[in-house]
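The figures here come from the full heavy-atom set of this structure, side chains too, leaving out hydrogens, waters and symmetry mates.
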Amino acid sequence: MDLIFAEATPPGRGGVSVVRISGSGARAAAEMMAGPLPSPRQTYLRSLRAGDEVLDQALVIWFAAGESFTGEEVAELHLHGAPVIVRRVAELLRGRGLRAAEAGEFTRRAFLNGRMDLAEIEGLGDLLDAETEAQRQLAIRSAGGELARKTEEWRALLIRAGALVESSVDFADEEVPDDVPDEVFVLLNQLVESLDQEIGGFPAAERIRKGFEVAVIGPPNAGKSSLINRIAKRDVALVSDIAGTTRDIIELRLDLKGLAVTLLDTAGLRDTGDAVEQLGVERAKQRALAADLRLHLSDDGSIYQDSFIDGDLIIRGKADQAAEGKGLAISSVTGQGIDQLLAKIFDRLSDRISGAGVTSHERQLNALVDARQALVGLEDLPPELLAEQIRQAAVSLDRLLGRIGAEEYLDVIFSSFCIGK
């Protein structure tokens, strides 16, 4: 493969800029500027030179093939964080035949060289995108190989069951212990139960990864936009005494005690002759019903029954004006009840992530579902067909980790990675 390089730190001014080189000849490329680097995994303070010109004084380290992130020979140049230095180093490397890396190309090489499986790479991508503590914890589990370890346990059960079935086929004319078929189905049932548990934890894990949506709905002038602004502590939504001011959905992204939550400010629910406003009302209803939770806000705690789902929160706004009614009293002016409201939202959403598995991508889920489907309803199959179903389940687990059929996913996955990762 080509010898590639990229800046692994964000571009721009900073304390340090790291340029990473990967491929056969990475050490020689670094030594071209830094001089001899005798031992791997040791940091050397070197003056980087372009001929007689000193470009920078940097820390330089190299990793032997098989001992680096990509699995290839890798060198890193820890430069002073000035863009002009990075540009000069990049020009020098290009002049020596190195190619600038594409997005995610270092991680792609780690996958192709067997350093990471596809589930770990998806976890790494999630870690790079993580905004909240819950997202970080889930991504660390995936990037750390938890799903791969579970998959190996499932494969071990399949291998044992498959060996017993093959024995019954290969030695059909000889005496085979009567309990072999029973042990096969015990193993497969154990596997199906474990797969069911992981599949059942997918919705919660996916919500952690993608975040929750909470819609604020109610009649015009109930204070929905004011509530959004109060929580944001800035003017996110336009506030006006004129009914119908909010016509499109406004989103506010929150880190709510480690959960990623998007609050949706929706159009006031009412019948109107304004075609544009009515379109906003219909869109608000649809988006609210699709949200994970709805906050029904009004002056007296009334709700729209066609938009209410069990578990929703009823809020009575304008508590500073001594309004009466049912629901939690809040005031966007004084802040009364806002902390209690956020606590209630967190309680509702945190209940929905209990039992979350590590499977959080639809691709992973599909592989698990395919493996499970191959292992149900096998009791009456002859040994030859039973062995084939077990093989199909193993193929699905291989697809989960990207051991087969990964090509169609690679471009999509790595396109979201930054250059230099």
Side-chain angles (χ1 to χ4, degrees), residues 69 103-104 106-108 110-111 115-155 193-214 251-264 290-293 311 342-372 396-403 406 409-410 412-418 421:
F69 172 71
F106 287 89
T107 308
R108 182 192 287 261
F111 170 72
R115 302 290 289 181
M116 303 179 73
D117 62 55
L118 200 56
E120 289 173 332
I121 287 172
E122 287 169 324
L124 178 59
D126 294 339
L127 184 61
L128 296 175
D129 291 335
E131 299 175 309
T132 70
E133 181 62 16
Q135 290 175 328
R136 182 195 66 79
Q137 292 177 357
L138 177 64
I140 283 289
R141 291 170 60 196
S142 184
E146 183 173 332
L147 187 55
R149 289 189 290 274
K150 287 186 176 184
T151 302
E152 291 306 319
E153 294 173 0
W154 297 329
R155 282 177 55 83
E193 289 176 4
S194 183
L195 290 174
D196 283 342
Q197 183 177 3
E198 186 64 31
I199 292 170
F202 170 77
E206 186 186 39
R207 295 324 299 157
I208 293 173
R209 183 175 68 85
K210 290 186 174 181
F212 292 92
E213 285 193 346
V214 176
E251 300 184 0
L252 171 64
R253 188 79 166 178
L254 292 178
D255 180 346
L256 184 58
K257 299 181 182 180
L259 296 181
V261 177
T262 300
L263 289 180
L264 307 176
D292 299 286
L293 180 67
L342 293 176
K344 286 181 176 291
I345 294 172
F346 175 78
D347 289 342
R348 290 284 199 278
L349 299 181
S350 60
D351 286 344
R352 304 185 189 185
I353 62 173
S354 59
V358 71
T359 302
S360 61
H361 288 259
E362 189 173 350
R363 182 199 68 81
Q364 301 167 356
L365 175 67
N366 291 338
L368 292 179
V369 170
D370 289 346
R372 185 195 184 280
S396 295
L397 294 182
D398 282 341
R399 195 169 71 249
L400 170 63
L401 299 183
R403 291 172 178 163
Y409 301 106
L410 294 183
V412 174
I413 292 173
F414 292 120
S415 65
S416 64
F417 277 56
C418 57
K421 190 61 180 173

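For the side chain to side chain contact (heavy atoms under 4.5 Å, CB included) with L256, the lone residue among V214, L263, I345 that qualifies is I345.
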Residue pair R372, D196: steps toward the side-chain contact (heavy atoms from CB on, under 4.5 Å) verdict
CA-CA 8 Å; R372 185 195 184 280; D196 283 342; 2.3 Å; yes
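Scanning all heavy atoms of the two residues, the minimum distance from I208 to A356 falls at CD1-CB, 4.0 Å. Closest approach of R363 to L400, counting heavy atoms only: NH2-O, 2.8 Å. The two residues F69 and M116 have their closest heavy-atom pair at CE1-SD, 3.7 Å. Between G123 and A139, the shortest heavy-atom contact is O-CB, 3.6 Å. Nearest heavy atom pair, residue L397 against residue A371, reads CD2-CB, 4.1 Å. Here the closest non-hydrogen pair linking S350 and D347 is OG-O, 3.2 Å.
Judged by distance alone, with hydrogens and angles left aside, the side-chain atoms of E206 form no donor-acceptor pair with the main-chain N or O of S360 at under 3.5 Å. At least one donor-acceptor pair under 3.5 Å links the side chain of R348 to the backbone N or O of G311.
For S194, the side chain to side chain donor-acceptor pair (under 3.5 Å) partners two or more places apart in sequence, or in a different chain, are W154. Taking D370 as the reference, R399 meet the side chain to side chain donor-acceptor pair (under 3.5 Å) condition, with sequence neighbours excluded. When the side-chain contact (heavy atoms from CB on, under 4.5 Å) test is applied to R149, the partners found at least two apart in sequence or on another chain are E146. Scanning for side chain to side chain donor-acceptor pair (under 3.5 Å) contacts around E152 gives R403, with sequence neighbours left out. Under the side chain to side chain donor-acceptor pair (under 3.5 Å) criterion, T359 pairs with E198, not counting sequence neighbours.
Every pair tested for salt bridge (Lys or Arg N to Asp or Glu O under 4.0 Å) that includes a residue from residues 349-359 fails, sequence neighbours excluded, so the list is empty.
Taking 4.5 Å as the limit, some side-chain heavy atom of I353 sits within range of a side-chain heavy atom of L259. Between H361 and D126, the closest side-chain pair of non-hydrogen atoms falls below 4.5 Å.
The closest side-chain donor-acceptor pair between E133 and Q137 falls under 3.5 angstrom.
Remark: F111 CZ to I121 CD1 distance equals 6.0 Å, nearest 0.5 Å. Between the CG atom of L264 and the CD atom of E251 there is a distance of 5.5 Å, given to the nearest 0.5 Å. In this structure, CG on L254 lies 13.5 Å from CZ on F212, to the nearest 0.5 angstrom. Atom CD of residue E122 and atom CG of residue D117 lie 9.0 Å apart, to the nearest 0.5 angstrom.
A salt bridge is defined here as a Lys NZ or Arg NE, NH1 or NH2 lying under 4.0 Å from an Asp or Glu carboxylate O, and R155 with D398 meets this definition.
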